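Remember, predicted model here, so these are calculated numbers, not experimental data. Proteins come first, then strands; the chains are lettered A, B, ... in the order of their sequence lines, and each starts at number 1.
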There are 2 protein chains.
Amino acid sequence: MSTLTDDVFAALASPVRRELLRLLLDGPRTVNDLASHFDMRRPSVSEHLKVLRDAELVSEHRVGRERRYQLEARPLVDLQDWLHPYERFWRERVKALRDVLEDM
Amino acid sequence: MSTLTDDVFAALASPVRRELLRLLLDGPRTVNDLASHFDMRRPSVSEHLKVLRDAELVSEHRVGRERRYQLEARPLVDLQDWLHPYERFWRERVKALRDVLEDM
DNA sequence: TTGACGAGTAGGAAGTTACCTACATAATAT
DNA sequence: ATATTATGTAGGTAACTTCCTACTCGTCAA
């Protein structure tokens with residue numbers, strides 16, 4: 001079953017949220033830690049994290065009064081699947097171009 | 001040089017625009033042809049096409065009074081590249097899971 | 001048990017988006 | 001020449017997004 005919903009594309013549309021995902025590549029982090037990388041108040045970062053959570057691009061688990069956010073790559077794998085038809089299209093165009101060049 | 005800008009992610013955030021791209025997989029189409037697939041007025045579809053054009057996800061060439069829109073897969077290939085670090089992350093997690101299972 | 005800390009939520013302002021209708025422009029057909 | 005067709009643009013409105021500050025809630029430490 002694919003988890004690639006509108007939410008995922010919408011979540012990725014924000015540079016802030018893409019940067020959050022990139023930061024989480026290094027492992028789980030707390031909200032304060034993540035927020036320190038942005039020129040933005042912490043509650044706004046919290047809101048961005050909520051968008052990522054709703055899209056299931058990150059998960060959260062509580063440790064004491066902290067919350068560790070963790071990357072969930074699954075929707076991104078689904079995004080890769082979504083790209084496949086376009087990749088095929090692209091390869092065909094490259095091939096067609098190569099064929100033309102061979103005839104010159 | 002990568003053409004993967006904010007514009008590309010923003011363009012993909014709309015279901016209408018993703019459907020436009022999907023339709024264009026079958027080959028170039030005119031605006032009226034494309035618009036006929038949506039429950040929306042033609043000028044709105046034109047505006048969506050402009051967003052896709054600005055993101056270089058489609059190109060346009062005029063044929064008489066028509067304009068043929070064509071898929072440009074390049075930004076999507078760049079999107080694939082953007083995904084690579086996440087794919088690696090995902091593979092490592094799958095591997096870790098497998099290792100755990102093997103020890104059971 | 002009280003104060004400080006980490007984090008989420010509420011409510012609001014400003015900016016952006018996505019529709020619409022009306023109009024403009026260029027090309028074809030009569 | 002004129003009407004028709006294909007398309008883009010202008011301008012407006014409603015909805016959504018993104019930021020903010022103020023506040024709440026739970027946890028930890030003194």
Subject >> Residues that V100(A) engages under side-chain contact (heavy atoms from CB on, under 4.5 Å), provided they are two or more places apart >> reply: none

Subject >> Partner set under side-chain contact (heavy atoms from CB on, under 4.5 Å) for P28(A), not counting sequence neighbours >> reply: R68(A), Q70(A)

What's the [atom1]-[atom2] distance between [X] and [N], to the nearest Å?
{"X": "D6(B)", "N": "dT16(C)", "atom1": "CG", "atom2": "C1'", "answer": "14 Å"}
{"X": "H61(A)", "N": "dA7(C)", "atom1": "NE2", "atom2": "P", "answer": "12 Å"}
{"X": "K50(B)", "N": "dA18(C)", "atom1": "NZ", "atom2": "C1'", "answer": "15 Å"}
{"X": "H48(A)", "N": "dG8(C)", "atom1": "NE2", "atom2": "C1'", "answer": "15 Å"}

Original post:
Earliest and latest nucleotide of DNA chain D, 5' to 3', sitting under 4.0 Å from a non-hydrogen atom of chain A?
Top reply: dT18(D) to dC28(D)

**OP:** Verify whether one side chain among E87(A) and Q80(B) offers a donor that lies under 3.5 Å from an acceptor in the other.
**Re:** yes

Original post:
Just checking, any donor-acceptor pair under 3.5 angstrom between side chains of E72(A) and S59(A)?
Top reply: yes

Original post:
In chain order, what residues pass the salt bridge (charged side-chain N to carboxylate O under 4.0 Å, His left out) check against D26(A), with sequence neighbours excluded?
Top reply: R29(A)

Subject >> Which residues share a salt bridge (charged side-chain N to carboxylate O under 4.0 Å, His left out) with D81(A), sequence neighbours left out >> reply: none

Subject >> Partner set under ring-ring contact (aromatic ring centres under 6.0 Å, His included) for F9(A), not counting sequence neighbours >> reply: W82(A)

Subject >> Y69(B): ring-ring contact (aromatic ring centres under 6.0 Å, His included) partners, not counting sequence neighbours >> reply: none

Original post:
Going by heavy atoms closer than 4.0 Å, what residues in residues 13-40 of chain B are next to DNA chain D?
Top reply: T30(B), V31(B), N32(B)

Original post:
Does any pair with a residue in residues 10-24 of chain B pass salt bridge (Lys or Arg N to Asp or Glu O under 4.0 Å), and if so which ones, sequence neighbours excluded?
Top reply: D6(A)-R18(B), E19(B)-R22(B)

Subject >> Residue pairs, two or more places apart or on separate chains, that pass salt bridge (Lys or Arg N to Asp or Glu O under 4.0 Å) and touch residues 34-50 of chain A >> reply: K50(A)-D54(A)

Subject >> Residue mapping more 5' on DNA chain C - nearest nucleotide basis, R68(A) or G64(B) >> reply: R68(A)

Original post:
Hydrophobic cluster mates of V63(A), side-chain heavy atoms under 4.5 angstrom, ILVMFWY only, any path?
Top reply: none

Which protein N or O atoms sit under 3.5 Å from an N or O of nucleotides 21-26 of chain C?
from    : atom 1 : to     : atom 2 : distance (Å)
dT21(C) : OP2    : R41(B) : NE     : 3.3

